[in-house]
Peer 1: 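Okay, handing you the structure first.
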Amino acid sequence: MSEPVSQPVRKPFEGLRVADFAWVGVGPLVSKYLADHGAEVIRIESATYPETLRRVGPFVDDTPNIDGSGYFANFNSSKLGVSVNFKHPKGPELVRRLLAHCDVVTESYTPGTMARFGFDYESVRQIRPDVIMISMPLYGQDGPWAHYAGYGHVLQAAAGYNHFTGWEDGPPLGTGVAYTDFLVPHFAAIALIAALDYRRRTGHGQYIDFSQFEAAIHGLWTAILDWTVNGHEQTRLGNHDLEAAPHNAYRCRDGRWVVIACETEKHWEGLKAALGRPEWCDMERMRRRWQRINEQKEIDRHLTFWFEDFTRLPSEAALQVEEGVEGPPVRKYTTEEVVRLFQSFGVPCGIVQSPEEMHADPQLAHRHHYWKLEHPVMGLRTYDAPAFKLSLTPSELTRPAPLLGEHNEYVFKQVVGLSDDEYVDLLADGAFE
């Protein structure tokens, strides 16, 4: 008997078509989850007002190019892209005809913007009754802040992150990147997938009023609970922590940094063993975790000395002897050896990695996190995969981010149904600018 022929596995969102009006960070990342798992996601832009992220670097050779933004590319791989002139007499009608073929509509503009375009939920429902639409502005569709504009750096301040980021005696700092842009999309994607499941079961569409602000609140750890229950206002602690000691980054002789976070007595015992049980570890005020929380500066002083004295440069000999010190030779470690030593004793720790080191990270390589895609303008470039892997239907980055209007002909002729003559006439008349 011949072996049965295995059938290709259908991707989770195969057959789903998405009209993606969303821009900058959060919205495009949400639709990218669908695109990487089989959906046909169509970015809708205008050449007269390109997506904001297209104008943000890094650019190849540091030369600004509307199709050369690495930031835009990483958020929009696996998607198609069209450009429509909304001010052209036939522009809005072209979009309406496209929406008739779309299951999902995503947008992240300030409330009221889609209504001015004529594509708010009630209008889109008239075109496609079972459509699912998700709006993802900063603060939701209503309320006193609803019409405030801004980006992730503004949102992290409003959501309280800046209040917790910085040193005790310094100002709020915030993060170097728009942190909430990389947290919030997970919540929005879950909401959208739930709506898709609802439509699968009932045949009805749904409108999702998604507030980036409210989603970001979930990343504040225990801060709000601590205030409502105990009246305690948590604030900036630098690298320290309310529940762990030591909890900090320590500099090695080669200039690299190692982070340690001991949350339990078992972690502390492991750290003492890794250090060779120095006397300061057994002082009375170091015996209990709650005591060590109050002694973080003292612990940091000892560990800072240890890392400066017991680590070595890569060029130095693997085994060194402390001059003038009686007893057995003192072993000195490279940064990588320090981490392996501490991990062998169960101490949570890791190296602070640079972008270059992240790109070469063996764990990420093993997990096939980075994808290589050939972009028409940027060439062969690295892209991030989703942070999870489905066992039967893993994600696949199928194409690089689209050039502005790259797929106009396919979408408006094959999906919308324009004839060759109609397409050429509209193209010549500026409808696709």
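Heavy atoms only: backbone and side chains are in, while hydrogens, waters and symmetry mates are out.
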Peer 1: Can Lys297 and Asp300 be counted as an ion pair, charged N to O under 4.0 angstrom?
Peer 2: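 Salt bridge flag = no for Asp300 with Lys297.
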
Peer 1: Do Arg301 and Thr304 have a side chain donor and acceptor closer than 3.5 Å?
Peer 2: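 Looking only at side-chain atoms, Thr304 and Arg301 do not form any donor-acceptor pair under 3.5 Å.
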
Peer 1: Are there over 12 heavy-atom neighbours, none belonging to Leu392, within less than 6.0 Å of that residue's CG?
Peer 2: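 For Leu392, atom CG is not crowded (no more than 12 foreign heavy atoms under 6.0 Å).
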
Peer 1: Are more than 12 heavy atoms, taken from residues, nucleotides or ligands other than Trp221, located less than 6.0 Å from that residue's CH2 atom?
Peer 2: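 More than 12 heavy atoms, drawn from other residues, nucleotides or ligands, come within 6.0 Å of this atom.
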
Peer 1: Answer yes or no: is there a donor N or O on one side and an acceptor on the other, between the side chain of Arg236 and the main chain of His163, under 3.5 Å?
Peer 2: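 Here the side-chain-to-backbone pair exists.
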
Peer 1: Do Arg199 and Asp103 meet the salt-bridge criterion of a basic N to acidic O distance under 4.0 Å?
Peer 2: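 Salt bridge: yes.
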
Peer 1: Under 3.5 Å, side chain of Thr393 to main-chain N/O of Leu390, donor-acceptor pair present?
Peer 2: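 Answer holds: no.
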
Peer 1: Does any N or O in the side chain of Asp36 come within less than 3.5 Å of the main-chain N or O of Ser78, such that one atom is a donor and the other an acceptor?
Peer 2: no

Peer 1: Determine yes or no for a side-chain-to-main-chain donor-acceptor pair under 3.5 angstrom, with Thr63 supplying the side chain and Asp61 the backbone.
Peer 2: yes

Peer 1: Would you check if there is a donor-acceptor pair between the side chains of Gln234 and Asp226 at a distance under 3.5 Å?
Peer 2: yes

Peer 1: Does CG belonging to Asp197 count more than 12 external heavy atoms closer than 6.0 Å?
Peer 2: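 For Asp197, atom CG is crowded (more than 12 foreign heavy atoms under 6.0 Å).
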
Peer 1: Please tell me whether Phe187 and Phe210 form a close aromatic pair, meaning their ring centres lie under 6.0 Å apart.
Peer 2: no

Peer 1: What's the shortest heavy-atom distance between Ile293 and Gln296, and which atoms?
Peer 2: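 Closest approach of Ile293 to Gln296: O-CG, 3.0 Å.
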
Peer 1: Hey, is Arg399 close enough to Glu406 for a salt bridge, meaning N to O under 4.0 Å?
Peer 2: no

Peer 1: If we count only N and O atoms by modelled type, under 3.5 Å, do the side chains of Glu107 and Ser135 hold a donor and an acceptor together?
Peer 2: yes

Peer 1: Would you check if Gln343 and Leu341 make a side-chain contact, meaning some heavy-atom pair closer than 4.5 Å?
Peer 2: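 SC-SC contact between Gln343 and Leu341 ruled out.
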
Peer 1: Within the side chain of Arg96, is there an N or O that forms a donor-acceptor pair under 3.5 Å with the backbone of Ile127?
Peer 2: no

Peer 1: Taking the six-membered ring for Trp, are His186 and Tyr33 closer than 6.0 Å centroid to centroid?
Peer 2: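 Yes, ring centres under 6.0 Å apart.
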
Peer 1: Please report whether the ring centroid of His375 lies less than 6.0 Å from that of Tyr383.
Peer 2: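 Ring centroids of Tyr383 and His375 are no less than 6.0 Å from each other.
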
Peer 1: Checking side-chain polar atoms at under 3.5 Å, does Ser31 have a donor or acceptor matched by the opposite partner on Lys79?
Peer 2: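 Yes, a side-chain donor-acceptor pair sits under 3.5 Å.
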
Peer 1: Are Lys332 and Glu337 ion-paired here, with the side-chain N under 4.0 Å from a carboxylate O?
Peer 2: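 Judged by the 4.0 Å cut-off on N to carboxylate O distance, Lys332 and Glu337 do not form a salt bridge.
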
Peer 1: How close do Trp371 and Glu396 get, heavy atom to heavy atom, and via which atoms?
Peer 2: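 Scanning both residues, the minimum pair turns out to be CH2-CA, 3.7 Å.
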
Peer 1: Output, in order, the C-alpha distance, side-chain angles, deciding distance and verdict of side chain to side chain contact (heavy atoms under 4.5 Å, CB included) for Tyr161 and Thr175.
Peer 2: CA-CA 8 Å; Tyr161 288 89; Thr175 60; 5.9 Å; no

Peer 1: Can you confirm whether more than 12 heavy atoms, excluding those of Lys266, are under 6.0 Å from its NZ atom?
Peer 2: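 Check fails, neighbour count at 12 or below.
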
Peer 1: Check this for me: Lys389, atom NZ, are more than 12 non-hydrogen atoms of other residues, nucleotides or ligands nearer than 6.0 Å?
Peer 2: yes

Peer 1: Without swapping roles, check the side chain of Thr311 against the backbone of Thr335 for a donor-acceptor pair under 3.5 Å.
Peer 2: no

Peer 1: Run the salt-bridge test on Asp20 and Lys32 with the 4.0 Å N-O cut-off and return the result as yes or no.
Peer 2: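 Answer for the salt bridge query: no.
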
Peer 1: For residues Ser211 and Leu138, report the shortest heavy-atom separation together with the two atoms involved.
Peer 2: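 Looking at all heavy atoms of both residues, the closest pair is OG-O, 3.6 Å.
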
Peer 1: Indicate yes or no for a side-chain donor-acceptor contact from Glu45 to the backbone of Gly405 under 3.5 Å, with no hydrogens or angles considered.
Peer 2: no

Peer 1: How about Thr165 and Asn162: does a side-chain donor come under 3.5 Å of a side-chain acceptor?
Peer 2: no

Peer 1: Are Asn239 and His247 linked by a side-chain donor-acceptor pair shorter than 3.5 Å?
Peer 2: no

Peer 1: Between Phe86 and Phe117 (judged by ring centroids, cut-off 6.0 Å), do the two rings come close enough to count as a pair?
Peer 2: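 Aromatic pair counts; centres sit under 6.0 Å.
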
Peer 1: Looking at every non-hydrogen atom in both residues, tell me the closest pair between Thr52 and Val24 and how far apart they are.
Peer 2: CB-CG2, 4.1 Å

Peer 1: Can you name the nearest heavy-atom pair linking His153 to Val177, along with the distance?
Peer 2: NE2-C, 3.5 Å

Peer 1: Tell me whether the guanidinium CZ or amine NZ of Arg55 lies under 6.0 angstrom from the six-membered ring centre of Tyr49 and within 45° of its axis.
Peer 2: yes

Peer 1: Between the side chain of Ser69 and the main-chain N/O of Leu53, is any donor-acceptor distance below 3.5 Å?
Peer 2: yes

Peer 1: If you compare all heavy atoms of Met136 against all heavy atoms of Ala22, which two are closest, and at what distance to 0.1 Å?
Peer 2: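 Looking at all heavy atoms of both residues, the closest pair is CE-CB, 4.3 Å.
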
